[in-house]
Protein chains: 2
Amino acid sequence: MSDQLEITLDRSSPVPLYHQVASALEQAIRDGTLPPETKLENEIDLAKRFNLSRPTMRQAMDQLVRDGLVVRRRGVGTQVVGAPVRRNLRLSSLYDDLQTEGAVQRTEVLSLERVPASADVAERLQLRVGEEVQHVVRLRSVDERPLALMENWVPPHVAEFSRETLAAGGLYNLLRTAGVDFRMAHQRVGADVADARQAKLLGVETGDPLVTMDRTALDSGGRAVECGHHLYRADRYSFDTTLVN
Amino acid sequence: MSDQLEITLDRSSPVPLYHQVASALEQAIRDGTLPPETKLENEIDLAKRFNLSRPTMRQAMDQLVRDGLVVRRRGVGTQVVGAPVRRNLRLSSLYDDLQTEGAVQRTEVLSLERVPASADVAERLQLRVGEEVQHVVRLRSVDERPLALMENWVPPHVAEFSRETLAAGGLYNLLRTAGVDFRMAHQRVGADVADARQAKLLGVETGDPLVTMDRTALDSGGRAVECGHHLYRADRYSFDTTLVN
DNA sequence: ATTGTCACTTTGTCATGACATTCGCAGGTT
DNA sequence: AACCTGCGAATGTCATGACAAAGTGACAAT
């Protein structure tokens, strides 16, 4: 019921107050300071406690709700969810995801060339069929074990890159430093089985299951700047999501 | 740039204003009234036009951003995204998803029994291992072609059901009428290959790829009320998501 | 014992006002 | 011609205030 949370807010920081509060609460929930089923104080009192207005407090709670950490009920209050929460999918690309988990990863560029856009790629990137695009195939390994076979297409007017820069920083980082700022991605997850070539590269047997992911990334102008078709070893990767009403 | 949108708001309706506006705009975008790349009016003027306050207008825009329909840039404005947008994943269960698309579907209950909870199920439903749960296996077909093999577990204290009610309305509808109100679900999507039994039921060959989905649904109290392990034919089903910064 | 009513609490919705931050552009300076 | 500066425009953040709707529990009436 009551919580002796110690949250210090920095009003001069460029990071918004609602985000500071939400992050602090998220951490408190994840590290057990606020155990599952805990009933939080009401919004008004919480806002008062942190010297915030209620809209700001609500904005923080909204974020927690969207991330699947708490549940709100009108007339009742806000509770920490009962089931353990997995970390959610983000628009950060696999590279960041793994890096933050402290794993040692390596990316090998298998191929980098300019090709005419296929009908599928042209449609996803809003180009004309046959227009030239950069095509890169990479193999990503974690702890020296292959994990993902990634195929991506980028229009030349978005950015140009080389094998070296690609292997070093990950595609998204590279594009970001080239001035592209991602805002959004549409993503489709499915399944397939490995053919002989894919199996050899990924270190599995032909016919083993693979998770497929097709992603189209959009920049802040709403234009498609990159699309990709990725294959993951099904025994070592899956996609988590939280759905909220 | 300018838009001659005809949106009529019903201030006496129980559905919130921001939702009315967001739905109207979403439809305008999907049906082409607001084509891709269109620059919307600024928030202030839009709010004025609909006789709304700016926070309410912003709340509507927020929803469009989360659904991946528009992109906002500070100092610039709001644009409809350039790439075609697929409809997003919702907490509605497959039954509703397909029903709204007008397909003819049939659900066959293959098995319905009470079993002791396995370690995995117990953890997902926050029960003790060995505690009794209802276990149901269903085969869902669309247009007489099998699509999904679904295995679900529900604690007895949540709801009781029979083969008839299950086949009729879908699991989520059934639980809803039993007084359960879903708020949230955690979901993991992966891949596997069909074994002989699964292949026979789904009408594919042994070794064909399947999309796997493990979902745990929570009610408004944040307690787990249902979990499931589903298998979908990879050639006929996949999961779409929109990721937003 | 059941039902209905009422008060209270808490979240949901909406309005108004203010200032900060960022982007794009025009115009002037070097 | 290139660079810098300042201005306007648009979204981002935050505060205050108010009422609505829904759940909970106590109490009274049937």
| message | Does D:dG12 have its OP1 or OP2 closer than 4.0 Å to a side-chain nitrogen or oxygen of B:R72? | response | yes
| query | Between B:T78 and D:dA10, is there a side-chain N or O to OP1/OP2 distance below 4.0 Å? | reply | no
Suppose we screen for side-chain hydrogen bond (donor to acceptor under 3.5 Å, both in side chains). Which residues come up paired with [X], at least two apart in sequence or across chains?
{"X": "B:S13", "value": "none"}
{"X": "A:R73", "value": "none"}
{"X": "A:N51", "value": "none"}
{"X": "B:E131", "value": "none"}

Starting at [atom1] of [X] and ending at [atom2] of [N], how long is that distance when rounded to a whole Å?
{"X": "A:D45", "N": "C:dT9", "atom1": "CG", "atom2": "C1'", "value": "11 Å"}
{"X": "B:K39", "N": "C:dC23", "atom1": "NZ", "atom2": "P", "value": "15 Å"}
{"X": "A:R73", "N": "C:dT11", "atom1": "CZ", "atom2": "P", "value": "12 Å"}
{"X": "B:D62", "N": "C:dT13", "atom1": "CG", "atom2": "P", "value": "13 Å"}
{"X": "B:L40", "N": "D:dA9", "atom1": "CG", "atom2": "C1'", "value": "16 Å"}
{"X": "A:Q79", "N": "C:dT10", "atom1": "CD", "atom2": "P", "value": "13 Å"}
{"X": "A:Q63", "N": "D:dT13", "atom1": "CD", "atom2": "P", "value": "11 Å"}
{"X": "A:E41", "N": "C:dT11", "atom1": "CD", "atom2": "P", "value": "10 Å"}

| task | Would you indicate what B:R58 reaches in the nucleic acid, counting non-hydrogen atoms under 4.0 angstrom: base, sugar-phosphate, or nothing? | result | base
| message | According to side-chain contact (heavy atoms from CB on, under 4.5 Å), who are the partners of B:H19, at least two apart in sequence or on a separate chain? | response | B:V15, B:P16, B:S23, B:Q63
| field | Pairs flagged by salt bridge (charged side-chain N to carboxylate O under 4.0 Å, His left out) wherever residues 52-65 of chain A is involved - sequence neighbours left out | value | A:E43-A:R54, A:E43-A:R58, A:D62-A:R72
| query | Which dot-bracket string describes DNA chain D (Watson-Crick N1-N3 plus N6-O4 or O6-N4, or G-U N1-O2 and O6-N3, all under 3.5 Å; [ ] crossing; | other strand)? | reply | ||||||||||||||||||||||||||||||
Name the pairs: protein N/O against N/O of nucleotides 14-21 of chain C, kept only if under 3.5 Å.
residue : atom : partner : partner atom : Å
C:dC14  : OP1  : B:L17   : N            : 2.5
C:dC14  : OP2  : B:L17   : N            : 3.3
C:dC14  : OP2  : B:Y18   : N            : 3.4
C:dA15  : OP1  : B:R11   : NH2          : 2.6
C:dA15  : OP2  : B:S53   : N            : 2.8
C:dA15  : OP2  : B:S53   : OG           : 2.9
C:dA15  : OP2  : B:T56   : OG1          : 2.8
C:dA18  : N6   : B:R54   : NH2          : 3.4
C:dT21  : O4'  : B:R74   : NH1          : 2.9
C:dT21  : O3'  : B:R74   : NH1          : 3.4

| With sequence neighbours left out, what residues match B:H229 under ring-ring contact (aromatic ring centres under 6.0 Å, His included)? | none
| Side chains of A:E151 and A:H135: donor-acceptor distance under 3.5 Å anywhere? | yes
| message | For B:N152 and B:R138, which I'm curious about, is there any donor-acceptor pair between the side chains at under 3.5 Å? | response | yes
